[in-house]
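Below, all heavy atoms of this structure are taken into account, side chains as well, without hydrogens, waters or symmetry copies.
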Amino acid sequence: MSNDPFSAIVAQVKLVVWDLDETFWGGTLSEEGIQPIAENIAIIRELVDRGIMCSICSKNDFAPAQAALEKLGIWELFVFPHIAWSPKGQAIAQMIDEMGLRDENVLFLDDNHLNLEEAVFFSPRLMTVDASKGPLSGLLDLPQLKGKADKEHSRLQQYKVMEQKRHERENSGLSNTDFLRQSGIKIKIITDVENHMDRVLEILNRTNQLNFTKERANTEAERKALDQLLAVSGMHAGLIHVQDRYGDYGVVGFFCVRTKFSGTTVHHFAFSCRTLNMGVEQWVWDYLNRPEFKVVGPVASQLNTPETVDWITEVPDFDADLSNAVDRRLCLVGGCDLLQVSFYCGTNRDEFVNKQDDQGKLVRYDDVGFILNERHKSLRHSNPLRSFVGQTLDDMLAFDKSVAEADLTLLSLYFSVPSDLFFSYGGETWGGDYIATIPPRRFKKLMSVPETAARFSKEMYHRRFTLEERLDMTRAAFARVSGLRRPDAPLFILSAVSEHGEQAKRTYEIRKGYNAMCRSFCDATPNAHFIDIDTLLSADEFADSDHYTRTGYFKIADFVNKRAAEILEIVPIKAVV
């Protein structure tokens, strides 16, 4: 057996639970009285300064114990104290659960070995120290109690908020869900994560119970990999800041995902235990459209819960007047660019962007046919529309409704202009009354099946439109959208990139013509606004001619949000903190 009294302390300590009599102080409070131990008082103060919480589990009467600790000037440094004559094992287990911690990160100090053994019985990975074996001064020298500097006691205050909530919940008579609904929980998503990397690393490296991916960034190589990941085109990352009417929980979560038409890849999804059982992680999962990913256990919470988390509100700023901003509805139509921009434009939005159909084939809505085709009932059962194009009449009707009701519409329709895969189909006229642009990847898959290719050749008619004709159709699509919207609802049109990347060089004249047409349309149309990507973004924010870095997508969204706020005279939904 080791002679080291601290040999059981093998993991990072987040909470130290103190017995009082003959441990924290000398003597017995209810009998001969107590003798304060100055060294232990100093340990308490230093632990809290390091962000390590202290609690109490003592068999005593509550009021006299509180009075004694107040006299010593340290009562407010303890959280979730259990001072009663009940058994300690279950009390400590409940304390750990209420604080959202794991027993392996908790240290219990007691002079009675039976109390220590009982506590371990209920919390098997609990670390213990027998305080009867000698002074506790060496605790502060252990690397497991190094903590992280917190002279302002922000972590202590966060646990005080949790303690207050527990007390009010227990005395409110409300169910847990009803209690959450009256708590006024608000979330702010911080997207400029590069300016908050210390907190990102802390969440990734210190969280366990609610770290659903268990990907770390401890080593130099892991940190470099994280930086490279955040720089990937189309990567979406955010920190989660939470407040409610009880207080400020600080930044409690981090996610990093990449969404393409084929689906969302989750790289990081981790949260602090401070907000356990508040529904925060479930809300963020919903915010990201419930991406499927392999959860690396163990985790203390399930994402797919029976209840809808309707008690959390996203806000641009905690102190802003949200009466207009939170209700703003957006309609977005485009390809990969808008799929990424949409993340930063608020949650009340309708997206008509790249997706996969049930057969894994690409469906695009940045197609002039989707906007211009007559909404005739015959399209409801149109095999060419459903099988070859991938769109539906319901999609078209939903788009019309969305534009008519939106407070802001954002279009990116360059895709149709350079394509030579224009086709017509259906209707009463020879050659077809409806038009569509088939994405090259979809066309290749359709042609790879002989029966489908044969049917396609009979029902779809190839159209060789000139560049001017294609630009005219795109302008007509803009005009139809403008006619559907309310006059006070701004229309934003995204340019094609013409000055960055090899693809832009090869298609420069097409892109130049498209941008000139877009600018001309916006100049001639009230409340229509052209977004010139070439001038808005810096050179290092272009991944290639058609994709941008995460900060590039963020910049586009921020421009739209701020410009719309000026037009609508509302609180902007900020993409920047």
With heavy-atom distances below 4.5 Å as the criterion, would you say the side chains of V341 and V560 are in contact?
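No - every pair of side-chain heavy atoms lies 4.5 Å or more apart.
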
Q302 atom CD: more than 12 heavy-atom contacts under 6.0 Å
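No, because the 6.0 Å sphere around CD of Q302 holds 12 heavy atoms or fewer from other groups.
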
Does a sphere of radius 6.0 Å around CZ in R245 hold more than 12 heavy atoms from other residues, nucleotides or ligands, not counting ones at 6.0 Å or beyond?
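Yes, enclosed.
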
[X] and [Y]: side-chain donor and acceptor closer than 3.5 Å?
{"X": "D523", "Y": "S520", "result": "no"}
{"X": "N527", "Y": "H529", "result": "yes"}
{"X": "Q282", "Y": "T305", "result": "no"}
{"X": "D420", "Y": "H462", "result": "no"}
{"X": "N515", "Y": "Y414", "result": "no"}
{"X": "D540", "Y": "S538", "result": "yes"}

Does any N or O in the side chain of Q182 come within less than 3.5 Å of the main-chain N or O of F179, such that one atom is a donor and the other an acceptor?
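The answer is yes, because a donor-acceptor pair under 3.5 Å joins these two groups.
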
With no hydrogens and no angle check, is any side-chain donor or acceptor of R480 less than 3.5 Å from a backbone partner on I371?
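Yes; judged by distance alone, with no hydrogens or angles, the pair exists.
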
Which residues pass the ring pair (Phe, Tyr, Trp, His ring centres under 6.0 Å) test with F542, sequence neighbours left out?
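Listed in chain order: H500, Y548.
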
Apply ring pair (Phe, Tyr, Trp, His ring centres under 6.0 Å) to H236 and list each qualifying residue two or more places apart in sequence or on a separate chain.
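Residues passing ring pair (Phe, Tyr, Trp, His ring centres under 6.0 Å) with H236: F255, F343, Y344.
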
When rounded to the nearest 0.5 angstrom, what is the spacing between CD1 in I312 and CD1 in I185?
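Atom-to-atom, I312:CD1 and I185:CD1 are 5.0 Å apart.
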
Run through D407, D350, T409 and flag the one making a side chain to side chain donor-acceptor pair (under 3.5 Å) with R329.
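Passing option: D350.
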
Between [X] and [Y], does the ring centroid distance fall short of 6.0 Å?
{"X": "F388", "Y": "Y434", "answer": "no"}
{"X": "W285", "Y": "F269", "answer": "no"}
{"X": "F399", "Y": "F370", "answer": "yes"}

Any carboxylate oxygen within less than 4.0 angstrom of a Lys/Arg side-chain nitrogen, looking at D178 and R181?
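Between R181 and D178 there is a salt bridge, with a charged N closer than 4.0 Å to a carboxylate O.
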
Among F423, W430, Y425, which residue meets the ring pair (Phe, Tyr, Trp, His ring centres under 6.0 Å) test with Y461?
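The option that passes is W430.
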
Which of these, F443, F415, F465, sits in a ring pair (Phe, Tyr, Trp, His ring centres under 6.0 Å) with F422?
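Among F443, F415, F465, the one that satisfies the ring pair (Phe, Tyr, Trp, His ring centres under 6.0 Å) with F422 is F465.
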
Worked check of side chain to side chain contact (heavy atoms under 4.5 Å, CB included) between M396 and L379
CA-CA 10 Å; M396 295 176 182; L379 286 176; 4.0 Å; yes

In terms of the angle between their ring planes, are F478 and F521 parallel, tilted or perpendicular, with boundaries placed at 30° and 60°?
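If you compare the ring of F478 with that of F521, the planes turn out tilted.
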
Classify the angle between the aromatic ring planes of F293 and F212 as parallel (below 30°), tilted (30 to 60°) or perpendicular (above 60°).
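Plane angle over 60°, so perpendicular.
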
Can you give each donor-acceptor pair under 3.5 Å made by side-chain atoms of residues 447-459, sequence neighbours left out, with the distance rounded to 0.1 Å?
from, atom 1, to, atom 2, distance (Å)
S448, OG, K445, O, 2.6
S457, OG, A454, O, 2.7

